[in-house]
Amino acid sequence: MNNAQNAQTMEVYAVIGGWDYEGEHFDSLRLFDCKSAAEAYSKELEEGGYHYTELEVREVNFQSAIVA
């Protein structure tokens with residue numbers, strides 16, 4: 001097995017808010033392990049003034065550079 005096969009991974013929900021014509025605001029980015037919490041944060045951003053939010057599932061890789 002190579003290091004890529006040994007690497008542990010998990011999925012998280014990434015949420016970020018943005019404004020039309022300006023794009024995403026990186027300071028609003030948050031990661032969640034629970035979909036309902038991610039959806040609640042997305043709603044909070046929209047109610048707080050963001051024009052839109054993006055909610056995506058992303059993979060977290062815990063592979064250490066020392067192992068490589």
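Hydrogens, waters and symmetry mates are skipped; everything else that's a heavy atom, side chains included, is used.
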same_hphob_cluster(Y50, Y41) at 4.5 Å side-chain heavy-atom cutoff | yes
Identify whether V57 and Y52 are in the same connected component of the hydrophobic contact network (ILVMFWY, side-chain heavy atoms under 4.5 Å).
-> no
Taking all atoms of both residues into account, what is the closest heavy-atom pair of [X] and [Y], and its distance?
{"X": "I16", "Y": "S28", "answer": "CG1-OG, 3.5 Å"}
{"X": "Y13", "Y": "A38", "answer": "CB-CB, 3.6 Å"}
{"X": "A37", "Y": "F32", "answer": "CB-CD2, 3.9 Å"}
{"X": "A14", "Y": "L29", "answer": "CB-CD1, 4.4 Å"}

Can you tell me how far CE of M10 sits from CD of E59, rounded to the nearest 0.5 angstrom?
-> 10.5 Å
What distance do T53 atom OG1 and E39 atom CD have between them, rounded to the nearest 0.5 Å?
-> 10.0 Å
What is the ring orientation for H25 with W19, classed by angle as parallel under 30°, tilted 30 to 60°, or perpendicular over 60°?
-> tilted
